[in-house]
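Keep in mind that what you see is a predicted model, and the values were worked out from it rather than measured. Sequence positions, counted from 1, serve as the residue numbers for this chain.
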Amino acid sequence: SPGRRVPSPHAGCGKEGPPPLVDAGPPPAPVAPPPPRVTPISELMTRLDIDPRVRLAEELAPPDDPSRIAVLQFFDGFVRGDATGVGEMLSDPDRLELERLQESGMWEPVIEQITRCDVRCGDTRDGKVALAVFHVGRNFQAQLWTYELSPSPQFFAEPMPPNIVDRLRGEDWIAA
């Protein structure tokens, strides 16, 4: 008769059909791990006992702790006049130049006059760089350094045109 359901011949036999297919959609996208935490410059300055004459703003600092530590320690050596510490981080040609400065008696009088060292870091096609502007008496002296971290931090002085300080304008001094 109409409206009457006929039971399945397998009803009650313990056999059921396959479970219905459920469209779960695409698998979830993998979640990237959070970026490694970088230690704030202020915390590193305190922990490493960096001379306050070294100035490295958070937004101008390298993006990783090993670079931050190397840059802070390198320029701390300069403002403190630690020729041994600085020399250990210099490339061979730059270490020889430092030795010449020491032997000539020019290292200490200049270093003693540093009142501040402003540092800006970045990356170029040549690698990691740090630009330091030393405040020496009433003058400014800028120097660009490339650096490597492995196997230990090593800094390489880059050639600088005369009067480079006069060209440092805008937001990106390294590009300038």
Taking atom OH of Y147 and atom CE of M89, what is their separation to the nearest 0.5 Å?
10.0 Å
Check the angle between the aromatic planes of F140 and H135 and answer parallel, tilted or perpendicular using the 30° and 60° thresholds.
perpendicular
What's the separation between atom CZ in R95 and atom CZ in F155, rounded to the nearest 0.5 Å?
13.0 Å
Backbone N or O of I114 within a donor-acceptor pair of the R53 side chain at under 3.5 Å?
yes
Salt bridge flag under 4.0 Å for residues R80 and D76
yes
For the backbone of I41 and the side chain of E58, can you confirm whether one donor and one acceptor N or O come within less than 3.5 Å of each other?
yes
Applying the 4.5 Å side-chain criterion to the ILVMFWY set and letting contacts propagate, would W145 and L149 be lumped into a single cluster?
yes
So, using salt bridge (charged side-chain N to carboxylate O under 4.0 Å, His left out) as the criterion, who are the partners of E99 when residues are at least two apart?
none
Taking R68 for its side chain and P62 for its backbone only, find out whether a donor-acceptor pair lies under 3.5 Å.
yes
To the nearest 0.5 Å, tell me how far D123 CG sits from T146 OG1.
11.5 Å
Looking at every heavy atom in both G81 and W107, which two are closest together, and how far apart are they?
O-NE1, 3.6 Å
Regarding D51 and R116, does a basic nitrogen lie under 4.0 Å from an acidic carboxylate oxygen?
no
If you measure from CG on L98 to CG on L90, what distance do you get to the nearest 0.5 Å?
6.0 Å
4.5 Å side-chain heavy-atom contact, C121 and V71
yes
Under the salt bridge (charged side-chain N to carboxylate O under 4.0 Å, His left out) rule, collect the residues that match up with D94, sequence neighbours excluded.
none
What are the two closest non-hydrogen atoms of Q154 and S91, and how far apart are they?
NE2-CA, 3.4 Å
Strictly distance-based, threshold 3.5 Å: is any side-chain N or O of R120 a donor or acceptor partner for the main-chain N or O of A132?
no
Within this structure, what is the CD1-OG1 distance for the pair I69 and T39, rounded to the nearest 0.5 Å?
6.5 Å
Ion pair check, E43 and R37, cut-off under 4.0 Å
yes
Intermediate values then yes/no, side-chain contact (heavy atoms from CB on, under 4.5 Å), L72 and M45
CA-CA 8 Å; L72 287 171; M45 299 257 319; 3.8 Å; yes
Do L44 and S42 have side chains that get closer than 4.5 Å, going by heavy atoms?
no
Write down the atom of V110, the atom of V136, and the distance for their closest heavy-atom approach.
O-CG1, 4.0 Å
Salt bridge between E97 and R100, side-chain N to carboxylate O under 4.0 Å?
yes
Mark yes when over 12 heavy atoms from residues, nucleotides or ligands other than E108 sit less than 6.0 Å from its CD; otherwise mark no.
no
Does one hydrophobic cluster hold both F78 and L101, with members joined at side-chain heavy-atom distances below 4.5 Å?
yes
For S67 and P63, indicate whether the former's side chain and the latter's backbone hold a donor-acceptor pair under 3.5 Å.
no
Value for CG (L56) from CZ (F75), rounded to nearest 0.5 Å, stands at 9.0 Å
Side chains of L48 and Q73: does their closest heavy-atom pair fall under 4.5 Å?
yes
Does Q143 reach the main-chain N or O of E158 with its side chain, forming a donor-acceptor pair under 3.5 Å?
yes
